[in-house]
J.: 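What follows is a structure written as structure tokens; I'll ask about it next.
Residues take their numbers from the sequence shown, with the count starting at 1.
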Amino acid sequence: MKKSTKKDQCKVHRNGVVAVIDVDDVVVGDQVLLQSGDKIPADVFCIQNLKVNNSALNGEAEECEKKAAGEGVYLAEEITGDTFVDSYSLFRGAVIFDGEGIMD
């Protein structure tokens with residue numbers, strides 16, 4: 001019999017409770033709690049200053065600094081290698097290198 005593989009999980013604040021759920025179960029309205037070492041569970045904008053490791057996305061070993069995105073900042077329609085290292089975008093699969101925050 002084949003053993004099932006463990007899915008990636010994250011901590012969310014949902015309905016007044018902090019819970020650990022599978023990243024595939026994150027929905028609009030969840031507040032995901034991110035800390036150093038956590039994988040980013042969805043494509044979003046940064047809401048606090050963080051450093052991320054994008055090596056799983058683009059092969060770059062150096063951490064990438066991200067700043068809180070202000071109003072009027074939108075996710076690019078066409079994602080390129082440059083988008084991975086822009087100042088605001090966070091992508092599923094990248095890892096928080098330094099910092100912590102909440103992702104809506």
J.: From the options D22, I21, V23, select the one residue that forms a side chain to side chain contact (heavy atoms under 4.5 Å, CB included) with Q9.
T.: D22

J.: Indicate the atoms forming the closest heavy-atom contact of K11 with D38, along with that distance.
T.: NZ-OD2, 3.7 Å

J.: Please tabulate, for the side chains in residues 92-103, all donor-acceptor contacts under 3.5 angstrom to protein atoms that are two or more places apart in sequence or on a different chain.
T.:
{"from": "R92", "atom 1": "NH2", "to": "D24", "atom 2": "OD1", "distance (Å)": "2.9"}

J.: With a sphere of 6.0 Å drawn around CD of E65, does it hold more than 12 non-hydrogen atoms of other residues, nucleotides or ligands?
T.: no

J.: Decide yes or no for Q48 and K67: does some side-chain heavy atom of the first lie under 4.5 Å from some side-chain heavy atom of the second?
T.: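 Counting from C-beta outward, Q48 and K67 never come under 4.5 Å.
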
J.: Answer yes or no: is there a side-chain heavy-atom contact under 4.5 Å between D43 and L90?
T.: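 A side-chain contact is absent here, since even the closest heavy-atom pair is not under 4.5 Å.
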
J.: Could you grab the distance from atom CZ of R14 to atom CG of D30, nearest 0.5 Å is fine?
T.: 4.0 Å

J.: For E63 and N53, does a side-chain donor sit closer than 3.5 Å to a side-chain acceptor?
T.: no

J.: Measuring from L33:CG to C10:SG, what's the distance to the nearest 0.5 Å?
T.: 8.5 Å

J.: Roughly how far apart are K66 NZ and Y88 OH, rounded to 0.5 Å?
T.: 10.5 Å

J.: Using the test side chain to side chain contact (heavy atoms under 4.5 Å, CB included), find all partners of V28 that sit at least two apart in sequence or belong to another chain.
T.: none

